[in-house]
Amino acid sequence: MYGNYSKYNGFRLNSIEGNTPNFNTTSDWEFSFIYGGSTNSDNSVANDIYLISLGKSLQDHYFYGRFTPGIKQEFLIQSDTELSLDDSSFVSSMLLSYEERFGLGYSFKFNNKLSAGLSLRYFQQSLTQDELTLLFSDTLNAITPETSVEEKKYWRGDIGLDFQFNENLWFNFSTINLFLLNENGHFTDNEDLELRTDKGALIGLNYSQSDSWSLSGKYETSNSFSAGFNYALQIFGGRFVLGVSVYHDTFQNPYISCLMPSISFSSSLFSISLVAAKYLSDRTSSYPVSDLKTSGIHNILNNQFSTDKLLLTANFALSFKQESIVKIIDVDVKTEIYPTLSDEYVNTPFAEAMVVNISDETVTLIPSSYIKEVNNDLVHSPQVKVQPGDTALVQYFTIIDKDDIEINKRSISTANFFISNTANDVTEEYQKPVLVNDLNSWDGKVINLRYFAKSKYQFSIRYSKEILNSSKNYLEGTPADLTIFEKTRLLFDHFVKEMVYVSDPRTNVEYVQFPEETIERKGGDCDDLSVCFSGIAESVGIQTAFVDYKSNDGVSHVNLLVNTELPPDKSELITNNDKKYFVRKNAAGREQIWIPIETTSLTDFNTAWSLGSNKFYTEAVSDLGLVKGKIEIVDIY
Amino acid sequence: MKKINLILLMLLCAGILHAQEFRVEKINGDVSILRGTTEEFTTIKEGDILLGSDLLITDLNSYVQLVQNNSRFILNSNSALNLMNIKKVSINDLILALTMEEIRNIPKSKSDNTKNTAVYGTEEKEAGSPVLDENIIGIKKLNGARQLAESGYKESAIIVAKETYRKHPVTKSRFNERIYFADLLAGLTLYEEALTEYSEVQNLELTEQQKEIVINKVAKIKEALVVQ
């Protein structure tokens, strides 16, 4: 019953009894080592390697093997009869030895709360006796000792399980001597000295109200029990645990037979602990062999003849592969990537992942993602807390470094999704294909045309200022109220001089030119021309809005509204006809005159204004297109 | 304007007007149109054909009689009417049109109609009796809308009036017209919309008599809302 393992240290501690289900939270390889010393009856100290074990996790399966040279106990039984001849004498003795040589184990984790396992351990015990033969001859009488050895060997099999009721309560169960295999040999005439194999069971409960302390209790069907208390501190990136346990053993005296203080430190890569076993009765005396025969040996490590021990245990994660405590179930890529709409992905997730917390503690998830074609580095998304066993929806946002990358071709890329956490250094990874469009691709949402209008802004600024500077004198003579209106007229008249309307050359994916491209190519469709003039106007502070004329047949149209900033009571400064303007309130509540411009009318400003007004007034206002949702004003900001 | 206060809009069938084409049958005085989105006023004469996109404008002491598919109507003096507004509008479309106020605003705008009303045309006027140019297009349009309502096109008339307030802010301070069109809303049992209108009128600079009228109307509307 030295199984003082803790679920908190992350290692299985298959080193000693008490973990038959082989519960562990490690993955990959694990190496355990116990070195210890025990006091002899003459107060000398015997050192030995108690255990060397190697374990391996394969998904939900766990296997281990262990070599236990130090789990042994020997008794020297001296005969009280001395046989003497003239020239020789002899005292016969028996050497009784119990050993657990090695063990094998397997466990299976059914889910995050339940695991069950099987262990097989090989025991060997021997009884070595001196048998004396008397030789008589004419000249010589002698005693010749002969040694006889009796051995008993078998495999002992047990099963067990671990179950976690909730975050605080943990239950374990294991059998004792459930079955024996391949038994051979026995101690003739000394069966009482054989290792007892009474069947039994061990039940344990572990309770922790917080991360800092826990209580544990175990009960064995032989009416033995133990109780322990552990106090933990998080320091040096690991867990430092102080503990003490008391033991009551039916076969030992006094009632509390042993006291076990322990100290341990564990991290995700290793754990080390020092455990002392202090027996509260005198273990240095000699006992009549009848005592041994009467009570028997039930446990090699812990019995009425065991002496004080000090055990140093070390466990190492050999592969340095830490435990995964979260798992990505799936990632849903919500949208294709349109690099020019970069700000969209800062505010709206482009993908969502379902992530489950497979640990027994609350974990903070740190999501990040990387798409080679559009990211220069990992892009971190908002953190999410998830309860033990719970599933969380994690949103992935991205920042597109479109100024630093060249995306000239539409392609399918791989999006790498990562989930790290605040509890350990393990990062889960998931990959999904994502369609990355080229820079001119547009998702068809008019609201997103603003990204094209405001992209490569320096060109628009330069273009606009050049035009306005050439008409500086004219503008200086313009009444202040009309400055924006006149600027709009000047810019538009210049803009349309060399423009030619062309229909969109693509069918599946909308293709939108940047203002610079439209000017260079001297033309474009309604999207291109509206984007271009919007960019030109906005670059000198003239507010514009797209007017989205939606259509059920898919042939939609876009033109512009331009804010003259004139109040409606000064409309006569620009027009006699109130069909040619639309009154909107600005953010400050001031009503201003906006004028519709048909950007595909490549004649002059007045014509474009008239055409735009005619369409807008008829479809948006008179036919109630605006309130019926057929026409939408999309502000650029 | 007060002498000629009736519009004789005799329409045999509302559906006939969909053609949106009118012939000038009689004219008295100066009558002109503003066609589509043009800037030039064109004087019309008997026998001319007018379109739905025309804004018909009469001067003081003038009137015009139009005919469309055996339907005749007269637009009285000092009025303006978009001919496309001579149409039946459903109550649902009227409600939708009234929501235009929200749609037209730039997001996050904070309306402050009181201030706007005061600034645009009434700030320097005498309370309750604004001295306005009766000839301005906004007033003409309100007159036209009123005649439209009297001819049975109440819903369309309300839409025209609301648009006129917006585009010609000086008309917002016209107490009688504001009350008239608010009453139309109440008559159509659009009490909440009517209450909004009365509340806006209350914020105008009013005489004591006008205030009393509005208070009474607000009280009646609130009663109607409770019953409803």
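Note on naming: letters A, B, ... go to the chains in the order of the sequence lines (proteins, then strands), and numbering restarts at 1 for each one. The analysis underlying the following values was restricted to heavy atoms, covering all of them including side chains, and did not include hydrogens, waters or symmetry mates.
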Is it the case that the ring center of A:Tyr463 lies less than 6.0 angstrom away from the ring center of A:Phe495? no
Cut-off 4.5 Å, heavy atoms of chain B, and the answer for A:Ile574 is backbone
*A:Thr564 vs A:Trp594 side-chain heavy atoms within contact, under 4.5 Å*: no
- prompt: Taking everything shown except A:Lys454 itself, do over 12 heavy atoms lie less than 6.0 Å from its NZ?
  reply: yes
Against chain B, residues from residues 619-630 of chain A with at least one heavy atom under 4.5 Å, in numeric order, are A:Ala620, A:Val621, A:Ser622, A:Asp623, A:Leu624, A:Leu626, A:Val627, A:Lys628
Applying ring-ring contact (aromatic ring centres under 6.0 Å, His included) to A:Phe514 and not counting sequence neighbours gives A:Phe452
Bottom line for B:Ser53: the part with an atom under 4.5 Å from chain A's heavy atoms is backbone
Original post:
Would you say the ring centroid of A:Phe533 lies under 6.0 angstrom from that of A:Phe492?
Top reply: yes
Interface check, chain B: of A:Thr575, A:Thr618, A:Asn577, most non-hydrogen pairs under 4.5 Å belong to A:Asn577
Quiz item: So do B:Asp59 and B:Val31 actually touch side chain to side chain, heavy atoms under 4.5 Å?
Solution: no
So, the part of A:Tyr581 with a heavy atom under 4.5 Å from chain B: the answer is both
Okay, B:Glu163 and chain A: the region with an atom under 4.5 Å from a heavy atom over there is side chain
Pair A:Glu538, A:Thr544: side-chain N/O donor-acceptor within cut-off below 3.5 Å = yes
### Message
Is the shortest side-chain heavy-atom distance between A:Ile542 and A:Lys487 below 4.5 Å?
### Response
yes
